[in-house]
Peer 1: 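Okay, handing you the structure first.
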Amino acid sequence: MEKVIISPSILSADFANLEKDIKRAEIAGADWIHVDVMDGHFVPNITIGIPVVKSLRAITNLPLDVHLMIENPDQYIEPFANAGADIITFHYEAEIDYKQIKDTILKIKSFGVKAGISIKPKTNPDVLIPYLNEVDMVLIMTVEPGFGGQKFIQECAEKIKFVKEKSNKDLIIQVDGGINDITAKICKSYGANSLVAGNYIYKSEDIVQSIKALRN
Ligand code: DX5
Ligand code: ZN
């Protein structure tokens, strides 16, 4: 069976001890580290940005999976790539039109970084069709972006099936929001092969066990 990529979201980690929490995830078998970047405009919350990604690059060899929940993402691709991002995902809703989305994808790839496109819960997955052959990853949000610890929206997960049917086999289909051992099973059954989890991993007593439960 295909290996599922587990990407712990450090939004739920201890920001005063990020290095420690990233090492814990590394030892527990995490595949990527998910970094949620929020600007207070695209979403009603502000988190971390380029300097933090640069500092994290120095302390881990795990791929940095950077989820941009910001307006004008095209303006920030170069600094995030230079800071050490391995995957950069931007939001479909943050871009103006087809051309800007295509250009953003090309820009991400020009730095040798994997390109991801994400849709919010209310966005129809049809909008992704023109880009499915261009991107490396689609991120289906299963909560409204902005905060960790929210409840999984089952109807959003059904979009995974649609994307899976329309895409080639190499596309990474990631889900983010309310992922735990139970919702992970649902998403995997629909075809997701990358799971982001914040609270389920970082608020658990046993992080090794949580990562294992997401995988199996
Ligand atoms: C929400 C973020 C998520 C968040 C997920 O806007 O994109 O990555 O950290 O947190 P949980 O897994 O707690 O729902
Ligand atoms: Zn995220």
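All values derive from a computational prediction rather than experimental measurement. Ligands are counted one by one from 1 in listed order, and the atoms in each one are counted from 1 as well.
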Peer 1: Only heavy atoms of Met69, strictly under 4.0 Å: list the atoms of ligand 1 that pass.
Peer 2: 6 (O), 7 (O)

Peer 1: With a heavy-atom distance limit of 4.0 Å, tell me whether Phe147 approaches ligand 1 through its side chain, its backbone, both, or neither.
Peer 2: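 Answer for Phe147: backbone.
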
Peer 1: Which N, O or S atom name in Asp176 marks its closest approach to the Zn ion (ligand 2)?
Peer 2: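 In Asp176, the heteroatom (N, O or S) nearest the Zn ion (ligand 2) is OD2.
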
Peer 1: In His67, the N, O or S atom nearest to the Zn ion (ligand 2) is which?
Peer 2: ND1

Peer 1: Report the part of Asp176 in contact with ligand 1, treating N, CA, C, O as backbone and CB onward as side chain, heavy atoms under 4.0 Å; options are side chain, backbone, both, neither.
Peer 2: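 Only the side chain of Asp176 comes within reach of ligand 1.
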
Peer 1: Enumerate the atoms of ligand 1 whose separation from the nearest heavy atom of Val196 is less than 4.0 angstrom.
Peer 2: 8 (O)

Peer 1: Between ligand 1 and Leu11, is the shortest N or O to N or O distance under 3.5 Å?
Peer 2: no

Peer 1: Establish, yes or no, whether the cationic atom of Lys120 lies under 6.0 Å from the six-membered ring centre of Tyr92 and within 45° of the ring axis.
Peer 2: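 No.
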
Peer 1: Using a strict 4.0 Å cut-off to heavy atoms of Gly149, name the atoms of ligand 1 that fall inside it.
Peer 2: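 Those of ligand 1 that fall under 4.0 Å from Gly149 are 10 (O), 11 (P), 13 (O), 14 (O).
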
Peer 1: Indicate whether the side chain of Thr47 and that of Asp36 have a donor and an acceptor atom separated by less than 3.5 Å.
Peer 2: no

Peer 1: Which residue owns the protein heavy atom closest to atom 14 (O) of ligand 1, what's the atom, and how far is it?
Peer 2: Gly178 N, 2.8 Å

Peer 1: Once rounded to the nearest 0.5 Å, what's the spacing between atom CG of Leu139 and atom NE2 of His34?
Peer 2: 6.5 Å

Peer 1: Hey, which atoms in ligand 1 end up nearer than 4.0 Å to a heavy atom of His67?
Peer 2: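 Going through ligand 1 atom by atom, the ones under 4.0 Å from His67 are 7 (O).
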
Peer 1: Starting at NZ of Lys169, measure out to NZ of Lys164 and round the result to the nearest 0.5 Å.
Peer 2: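 Going from the NZ atom of Lys169 to the NZ atom of Lys164 covers 10.0 Å.
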
Peer 1: Tell me the protein heavy atom at minimum distance from atom 6 (O) of ligand 1, and give that distance in Å.
Peer 2: Gly146 N, 2.7 Å

Peer 1: Report the name of the N/O/S atom of Asp36 located nearest to the Zn ion (ligand 2).
Peer 2: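 The nearest such atom is OD1.
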
Peer 1: Could you list which atoms of ligand 1 come closer than 4.0 Å to a heavy atom of Met38?
Peer 2: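 Selected atoms, number and element: 6 (O).
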
Peer 1: Working note: Tyr131 + Tyr98, criterion ring pair (Phe, Tyr, Trp, His ring centres under 6.0 Å); need CA distance, chi angles, decisive distance, verdict.
Peer 2: CA-CA 9 Å; Tyr131 316 106; Tyr98 172 80; 5.8 Å; yes

Peer 1: Compare all side-chain heavy atoms of Asn199 with those of Gln150 and state whether any distance is below 4.5 angstrom.
Peer 2: no

Peer 1: Report the nearest protein non-hydrogen atom to atom 9 (O) of ligand 1: residue, atom name, distance rounded to 0.1 Å.
Peer 2: Ser9 OG, 2.8 Å

Peer 1: What atoms of ligand 1 come closer than 4.0 angstrom to any heavy atom of Asp36?
Peer 2: 2 (C), 3 (C), 4 (C), 7 (O), 8 (O), 9 (O)

Peer 1: Give, for atom OH of Tyr200 and atom CZ of Phe152, the distance between the pair rounded to the nearest 0.5 Å.
Peer 2: 14.0 Å

Peer 1: Working note: Ser7 + Asp65, criterion side-chain hydrogen bond (donor to acceptor under 3.5 Å, both in side chains); need CA distance, chi angles, decisive distance, verdict.
Peer 2: CA-CA 8 Å; Ser7 194; Asp65 168 28; 2.8 Å; yes

Peer 1: List the closest protein heavy-atom neighbour of atom 10 (O) of ligand 1: residue, atom name, distance to the nearest 0.1 Å.
Peer 2: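 Ranking protein heavy atoms by distance from atom 10 (O) of ligand 1, first comes Gly148 CA, 3.5 Å.
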
Peer 1: With rounding to the nearest 0.5 Å, note down the distance linking CD in Glu78 to CD1 in Ile50.
Peer 2: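 Glu78 CD to Ile50 CD1: 10.5 Å, rounded to 0.5 Å.
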
Peer 1: Under a 4.0 angstrom heavy-atom cut-off, which atoms of ligand 1 come close to His34?
Peer 2: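 Matching atoms, with element in brackets: 8 (O).
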
Peer 1: Please check if atom NZ in Lys54 has more than 12 non-hydrogen atoms from other residues, nucleotides or ligands closer than 6.0 Å.
Peer 2: no

Peer 1: Would you say Asn61 and Glu26 are linked by a side-chain donor-acceptor pair, where the criterion is simply a distance under 3.5 Å?
Peer 2: no

Peer 1: Does the N or O separation between Tyr200 and ligand 1 drop below 3.5 Å for any pair?
Peer 2: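 So ligand 1 has no N or O lying under 3.5 Å from an N or O of Tyr200.
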
Peer 1: Which atoms of ligand 1 are found less than 4.0 Å from any heavy atom of Ala197?
Peer 2: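 In order of number, 12 (O).
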
Peer 1: Any idea which of Ser12, Ser7, Gly198 brings a heavy atom closest to atom 12 (O) of ligand 1?
Peer 2: Gly198

Peer 1: Would one find more than 12 heavy atoms of other residues, nucleotides or ligands at under 6.0 Å from atom OH of Tyr202?
Peer 2: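 Correct, the count exceeds 12.
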
